[in-house]
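The block underneath contains the structure these notes are about, expressed in structure tokens.
Just so you know, ligand 1 is whichever comes first in the structure, and atom 1 is the first atom listed for that ligand.
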Amino acid sequence: MTAATASGTPGGRLIVLTGPAGVGKGTVEAKLRADHPQIWLSVSATTRDPRPGEVDGVNYHFMTEEQFLADERAGKFLETAVVHGMAHYGTPLKPVLDHLAANVPTILEIDLQGARRVKERAAELGMEVVSVFLAPPSFDELVRRLTGRGTETEEQRNRRLETARVELAAESEFDVVIVNADVDQAANELWSVIAKEYGL
Ligand code: 5GP
């Protein structure tokens, strides 16, 4: 079978999963990949410190700011963003292009700024994007989830909340909205989007 899809471009469309911090993007994405191991999730670069249990090259490529900025200047990222005003995050470009070219279902889990940037750059890079916004059932529930994580300082939490308020208002910019009231259901809805795009 060729890699042509309904979109008419070589390879499948890039799935970009975004949403406010604390909404559960990571949990939904983990469930999705547990059910459908053929999906490839891009491993981002970040300058933040690893959390307990996080593994370099698996959860993130952990980098110094110097390394990150050098890679950014060299054009190695599809998009970069400073998230919560604290750390740099970026999607390495080449692995994304390689997986799309091989028609492997490819997903990015990134913040809103990054998702916008990917949409802007898609035409230039000859790729098509389906952007998915994961929304909380309510703002109060998002606050509860953020508090529950417990790995952040008060200042970090306040920054995240402020970001979340702005990000929630951006829902309408995205192609698909999935409400994360139930992880299994949200993962199933996301799978439906991917299955449709990749003809699975
Ligand atoms: P965390 O530090 O909690 O793992 O992630 C913080 C935020 O950064 C999350 O909203 C996550 O989606 C976002 N993020 C992770 N990787 C990237 C990336 O490569 N680019 C962008 N723009 N955001 C990212």
Which atom pairs, one a donor and one an acceptor, fall under 3.5 Å between side chains of residues 94-101 and the rest of the protein, sequence neighbours left out?
residue, atom, partner, partner atom, Å
K94, NZ, D98, OD2, 2.8
H99, ND1, P95, O, 2.7

**OP:** Using heavy-atom distances, let me know which of V83, L112, N59, V43 sits nearest atom 7 (C) of ligand 1.
**Re:** V83
Original post:
Taking only heavy atoms of A81, which atoms of ligand 1 are found under 4.0 Å from at least one of them?
Top reply: 22 (N)
Original post:
Do the non-hydrogen side-chain atoms of V43 and V58 ever get within less than 4.5 Å of each other?
Top reply: no
Original post:
Do any nitrogen or oxygen atoms of Y60 lie less than 3.5 angstrom from nitrogen or oxygen atoms of ligand 1?
Top reply: yes
**OP:** Using a strict cut-off of 4.0 Å, indicate which atoms of ligand 1 neighbour a heavy atom of K25.
**Re:** 9 (C), 10 (O), 12 (O)
Subject >> Atoms of ligand 1 close to G114 [distance to a heavy atom under 4.0 angstrom, numbered from 1] >> reply: 22 (N)
**OP:** Could you check if a side-chain atom of V132 sits within less than 4.5 angstrom of a side-chain atom of I15, using non-hydrogen atoms only?
**Re:** yes
Original post:
Under 4.0 Å from ligand 1, counting heavy atoms only, is it the side chain of M86, its backbone, both or neither?
Top reply: neither
**OP:** Indicate yes or no: at least one non-hydrogen side-chain atom of F133 is less than 4.5 angstrom from one of V179.
**Re:** no
Original post:
Between D111 and ligand 1, is there a nitrogen or oxygen pair with a distance under 3.5 Å?
Top reply: yes
Original post:
Is it the case that K119 places NZ or CZ above or below the six-membered ring of F174, under 6.0 angstrom from the centre and within 45 degrees of the axis?
Top reply: yes
Original post:
Quick one: does R51 get within less than 4.0 Å of ligand 1, heavy atoms only?
Top reply: yes
Original post:
Looking at side-chain heavy atoms only, is the closest gap between F68 and Y89 below 4.5 Å?
Top reply: no
Subject >> Under the side-chain contact (heavy atoms from CB on, under 4.5 Å) test, residues paired with R33 that sit two or more places apart >> reply: E29, I39, L41
**OP:** Could you tell me which atoms of ligand 1, counted from 1 in the order shown, lie closer than 4.0 angstrom to a heavy atom of R48?
**Re:** 1 (P), 2 (O), 4 (O)
Original post:
G90 heavy atoms, cut-off 4.0 Å: which ligand 1 atoms fall inside?
Top reply: 18 (C), 19 (O)
